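As structure tokens, the structure follows; a few thoughts come after it.
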2 protein chains.
Amino acid sequence: MAVGGRSATPEVIWARPERAGRGPRPAYSRADIAAAAVRIADADGLDAVSMRRVAAEIGCGTMSLYNYVPRKEDLYELMVDEVGGEYEFPEHPSGDWRADMLALAHQTRALMHRHPWLPGLMSPVYGFGPHVLRYLEYCLTCLDGLDAAQGTKLELVATVNGMVTTYVGNELATAERARSMPWSPEQENAARAAYLGREIATGKYPRVAQAFAQDSGPVDMDAVFDRMLGRVLDSFT
Amino acid sequence: MAVGGRSATPEVIWARPERAGRGPRPAYSRADIAAAAVRIADADGLDAVSMRRVAAEIGCGTMSLYNYVPRKEDLYELMVDEVGGEYEFPEHPSGDWRADMLALAHQTRALMHRHPWLPGLMSPVYGFGPHVLRYLEYCLTCLDGLDAAQGTKLELVATVNGMVTTYVGNELATAERARSMPWSPEQENAARAAYLGREIATGKYPRVAQAFAQDSGPVDMDAVFDRMLGRVLDSFT
DNA sequence: GCGCACTACGTACGCTGTACGTAACTAGGA
DNA sequence: TCCTAGTTACGTACAGCGTACGTAGTGCGC
């Protein structure tokens with residue numbers, strides 16, 4: 001009858017027991033595998049995370065990995081949850097939910113700067129691993145002080161996380177994009193700016209021209225981040 | 001020496017002339033190629049969009065496509081801009097920027113429902129093709145009535161688009177995810193809900209439990225969309 | 001202690017993006 | 001007008017991917 005119990009019904013990886021009843025003791029833990037994948041992605045980008053490469057990193061045959069991770073997508077879920085373990089929560093929320101959520105968003109941004117592939121996995125993956133659940137529980141604890149329906153609180157968390165993901169994703173896009181390209185992010189940006197300048201000079205887009213003309217000088221990304229986030233949070237007050 | 005002028009310096013696809021001075025007249029237009037890729041993605045998902053498949057769709061050899069599209073990523077830029085041409089702008093903005101931006105967001109959402117792969121391309125692609133520039137120009141025209149700095153207007157557009165992308169991306173995630181899976185989105189959702197229920201029952205996440213318990217009954221996605229969007233827009237008033 | 005579910009892993013298939021070489025073609029400069 | 005350089009077209013080939021499948025070997029539950 002062949003192979004292990006790879007089911008044809010949808011499975012959530014977190015629902016699988018790490019250790020099955022029968023058979024030899026698994027040689028690696030889920031955390032080992034996740035950590036290996038994260039290490040590879042941090043070092044060489046998300047594209048470098050292949051089943052073969054991860055298997056080699058933890059030191060087993062390629063197909064053995066499928067005993068732990070039935071599909072590649074599940075590996076992504078493991079990775080997201082793994083770095084979710086890097087959040088540091090204070091013993092108790094401060095009581096000021098706005099400040100607490102802002103601090104959490106700063107942690108998220110820092111996390112994404114440490115793991116630049118993370119924004120790219122936030123959309124396709126929407127798993128609820130243990131770390132993610134822990135994070136969500138803490139968020140809701142912070143929001144105990146907010147007088148709103150449960151649904152609204154979830155909306156708040158989702159909105160803030162969406163905004164942070166989008167923002168940091170854009171922040172990192174050029175750099176991540178250029179990772180496997182033969183040119184630097186600066187060259188890339190220069191080429192795009194040159195094209196945009198030429199296009200704007202045609203006069204077909206006067207307002208775009210005006211908007212980008214005024215936009216000279218370096219932007220303080222931290223300030224912009226706080227301002228946008230502040231607006232979003234205020235909208236829930 | 002060989003091959004055509006594939007440069008090692010970064011190039012923006014839009015900066016390439018469709019017709020080069022020398023050589024035979026190109027057999028296909030950029031729009032032909034973009035339309036073919038969009039057709040494939042609509043029919044069989046984004047993963048089905050391969051250089052081979054697109055080439056076959058327009059009826060040329062695989063490698064001929066590289067004369068038009070130097071990298072696969074550029075194909076994605078073409079696709080995004082192509083569907084950007086589906087926006088329908090009124091002759092003049094109404095004068096109520098809030099209403100206009102809301103209407104635009106509704107168009108974006110409809111666009112993404114028509115082309116479910118679009119949210120997945122919004123983060124990696126940040127090109128400024130002709131249709132996108134046209135869209136941006138119209139956005140800024142709507143915001144003529146808003147008393148704010150140019151930078152703030154760009155922030156508004158970016159924030160709204162980010163929110164819409166995130167929201168619709170989540171809306172479509174399950175369906176798109178299940179496209180190449182052997183089970184239905186309903187089965188997938190059921191499996192995830194079952195796992196989540198089991199996890200919540202452990203009592204380790206009381207607030208998550210409470211939030212999801214209260215969340216019974218079907219959600220009106222349109223209403224949630226409008227409410228979240230309204231909040232974001234209000235935050236710029 | 002038997003049997004079966006599990007782990008481990010090699011091989012193989014069909015697919016991907018794309019480097020490169022070659023042949024046909026055409027517009028610009030002489 | 002002809003020449004030639006740059007372009008289009010396209011087949012071949014390579015390295016890599018996810019993963020189906022078959023085959024051993026291992027150790028828990030009955």
Side-chain angles (χ1 to χ4, degrees), chain A residues 1-8 11 13 16-30 32-33 37 40-41 44-77 124 177 179-182, chain B residues 1-8 11 13 16-30 32-33 37 40-41 44-77 124 177 179-182:
Chain A
M1 243 302 122
V3 99
R6 275 180 228 148
S7 157
E11 268 184 272
I13 180 132
R16 296 185 140 209
E18 279 221 56
R19 170 91 166 97
R22 309 287 185 78
R25 170 171 305 277
Y28 314 99
S29 78
R30 209 167 270 170
D32 290 338
I33 294 167
I40 294 169
D44 296 330
L46 188 57
D47 287 348
V49 177
S50 69
M51 297 301 273
R52 283 170 174 82
R53 178 90 184 263
V54 172
E57 177 85 14
I58 65 173
C60 75
T62 302
M63 294 315 290
S64 307
L65 193 54
Y66 280 89
N67 287 320
Y68 301 86
V69 181
R71 286 175 305 275
K72 172 125 196 239
E73 214 186 20
D74 292 316
L75 186 60
Y76 290 148
E77 293 217 14
R177 212 183 105 87
R179 189 188 273 274
S180 59
M181 296 282 180
Chain B
M1 252 314 108
V3 98
R6 272 180 231 149
S7 157
E11 267 184 272
I13 179 132
R16 294 186 141 208
E18 280 222 55
R19 172 89 164 98
R22 307 287 186 78
R25 168 170 308 276
Y28 315 98
S29 78
R30 209 168 269 168
D32 290 338
I33 295 167
I40 295 169
D44 296 330
L46 189 57
D47 286 349
V49 177
S50 69
M51 297 301 271
R52 281 171 176 79
R53 178 90 186 264
V54 172
E57 177 85 12
I58 64 173
C60 74
T62 304
M63 293 316 289
S64 307
L65 193 54
Y66 279 89
N67 287 319
Y68 302 86
V69 181
R71 286 175 304 274
K72 171 122 195 246
E73 213 187 19
D74 293 316
L75 187 59
Y76 290 148
E77 293 216 13
R177 214 183 104 87
R179 188 189 273 275
S180 59
M181 298 281 180

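Predicted model only: the values in this text are computed from it and were never measured. Here is the naming used below: chain letters follow the sequence lines, and residue numbers restart at 1 for every chain.
At dT8(D), none of the side-chain N or O atoms of Y66(B) fall inside 4.0 Å of OP1 or OP2 (strictly under the cut-off). Taking side-chain N and O atoms only, S64(B) has a distance below 4.0 Å to OP1 or OP2 of dC10(D). At the phosphate of dT16(C), OP1 or OP2 sits under 4.0 Å from a side-chain N or O atom of S50(B).
With contacts defined as side-chain heavy-atom distances shorter than 4.5 Å, the pair Y76(B)/L46(B) qualifies.
Between T62(B) and G23(B), it is G23(B) whose nearest contact on DNA chain D lies nearer the 5' terminus. In terms of position on DNA chain C, the residue among A20(B) and C60(A) whose nearest nucleotide sits closer to the 5' end is C60(A).
If you check the side chains of D32(B) and S29(B), you find a donor sitting under 3.5 Å from an acceptor.
For the pair R52(B) CZ and dT16(C) P, the computed distance is 6 Å after rounding to whole Å. Straight-line distance from the CG atom of D47(A) to the C1' atom of dA15(D): 15 Å, rounded to whole Å. Nucleotide dT8(D) holds its P atom 7 Å from the OH atom of Y68(B), rounded to whole Å. Nucleotide dC15(C) holds its C1' atom 15 Å from the CD1 atom of I40(B), rounded to whole Å. The distance from atom CD of E73(B) to atom P of dT18(C) is 9 Å, rounded to the nearest whole Å. In this entry the distance linking CZ of R16(A) with C1' of dC6(C) reads 11 Å, nearest Å. Look at CE on M51(B): it is 19 Å from C1' on dG14(C), rounded to the nearest Å. Rounded to whole Å, the distance from NZ on K72(B) to C1' on dT18(C) is 12 Å.
Of the possible polar contacts, none joining the Y66(A) side chain to the M51(A) backbone as a donor-acceptor pair under 3.5 Å is found. Judged by distance alone, with hydrogens and angles left aside, the side-chain atoms of Y68(A) form no donor-acceptor pair with the main-chain N or O of I33(A) at under 3.5 Å.
Side-chain atoms of A27(B) lie closest to dA9(D) of the nucleotides dA20(D), dG17(C), dA9(D). Closest to the side chain of M63(B), out of dA19(C), dG17(C), dG25(D), is dA19(C). Across dA8(C), dA5(C), dT18(C), the shortest atom-to-atom separation from the side chain of R22(A) is found for dA5(C). Of the candidates dA27(C), dA8(C), dT8(D), the closest approach to any side-chain atom of R19(B) belongs to dA27(C). Here the side chain of N67(B) is nearest to one of dT18(C), dT8(D), dT19(D), namely dT8(D). Side chain of P24(B), nearest nucleotide from dG6(D), dA9(D), dA13(D): dG6(D).
By the 4.0 Å N-to-carboxylate-O rule, R53(B) lies close enough to D44(B) to be salt-bridged with it.
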